[in-house]
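Shown next, in structure tokens, is the structure this report addresses.
Because the structure is a prediction, the values reported are computed rather than measured. Just follow the structure's listing: the first ligand is 1, and inside any ligand the first atom is 1.
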Amino acid sequence: MKKMPMVLIVEDEPAIAELIAVNLRHNGFQPVWAEDGVSAQRELDAVLPDVILLDWMLPGASGLSLARKWRADSRTKGVPILMLTARGDEPDKVAGLDAGADDYITKPFSTQELLARIRAVLRRRAPEQVQDKVSMGELMLDAAAHRVSWQGDLLKIGPTEFKLLNYLMKHPERVHSRAQLLDKVWGDHVFIEERTVDVHVKRLRESLGVAGALIETVRGAGYRFSAQALG
Ligand code: CA
């Protein structure tokens with residue numbers, strides 16, 4: 001049976017939270033409600049949800065600062081964030097996306113619109129969530145435990161390199177351009193230079209040692225993760 005996606009609702013108004021929760025439950029999701037940043041953090045520490053619905057205006061820490069915090073945390077950075085905002089003006093939306101939100105939805109919104117947005121962010125993240133463990137030869141990556149090992153020995157690896165390796169290992173034997181890697185690993189709304197990819201690939205190879213040879217540079221095209229590279 002397919003697991004019901006868990007949605008953490010961070011919303012201080014009980015009536016709105018309840019309405020969202022009821023609609024989500026009726027549509028095959030498992031909602032969890034937190035009324036502020038502190039209780040949301042408690043929920044996140046316990047279980048990682050599949051999506052976070054984050055209200056902009058909250059007592060205490062604002063939705064914006066929470067989004068920024070969760071994006072910077074290696075444990076929560078992969079969880080899609082959908083911001084709920086009562087305001088419709090452009091600077092706020094841009095600020096939300098800059099803070100790391102995947103999408104935003106302006107109140108009042110229809111249930112259908114909310115569900116469509118949630119499904120869209122889940123679909124975008126889906127390749128990374130389908131499989132927790134992946135291996136090639138003696139290189140193993142466990143996404144749930146956030147571990148990489150080579151010949152049974154744990155490797156020390158940075159958070160971005162981990163995400164990059166996770167993506168490459170799950171999409172092996174094909175060439176990925178730098179732009180594609182930026183899109184898939186760093187996300188749609190990130191504006192960074194393509195040579196940043198080269199920097200992280202270099203660091204990743206260094207972290208992998210001998211197994212670094214699995215990542216091939218394809219001249220003029222990008223990178224390929226290939227079993228054949230080890231020979
Ligand atoms: Ca609010």
Using a 3.5 Å cut-off and no angle test, enumerate the donor-acceptor pairs between side-chain atoms of residues 12-28 and protein atoms at least two apart in sequence or in another chain.
| from | atom 1 | to | atom 2 | distance (Å) |
| --- | --- | --- | --- | --- |
| Asn23 | ND2 | Leu19 | O | 3.0 |
| Asn23 | ND2 | Thr111 | OG1 | 3.2 |
| Asn27 | ND2 | Asn23 | O | 2.7 |

Name every donor-acceptor pair, under 3.5 Å, that has one atom in a side chain of residues 40-47 and the other anywhere in the protein, sequence neighbours excluded.
| from | atom 1 | to | atom 2 | distance (Å) |
| --- | --- | --- | --- | --- |
| Gln41 | OE1 | Lys69 | NZ | 3.2 |
| Gln41 | OE1 | Trp70 | NE1 | 2.9 |
| Gln41 | NE2 | Asp45 | OD1 | 3.0 |

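Val134 and Leu181 fall within the same hydrophobic cluster, defined by Ile, Leu, Val, Met, Phe, Trp and Tyr side-chain heavy atoms under 4.5 Å apart, directly or through other members.
For the Ca ion (ligand 1), protein N/O/S neighbours under 3.0 Å (waters excluded) are Asp12 OD1, Asp55 OD2, Met57 O.
Proximity of a side-chain donor or acceptor of Arg71 to a complementary backbone N or O of Ala101 within less than 3.5 Å is not detected.
Applying the ring pair (Phe, Tyr, Trp, His ring centres under 6.0 Å) rule to Phe225 yields no partners; only residues at least two apart in sequence or on another chain are considered.
Paired with Leu53 under the rule side chain to side chain contact (heavy atoms under 4.5 Å, CB included), one option of Ile118, Ile105, Val10, Ile81 passes, and it is Ile118.
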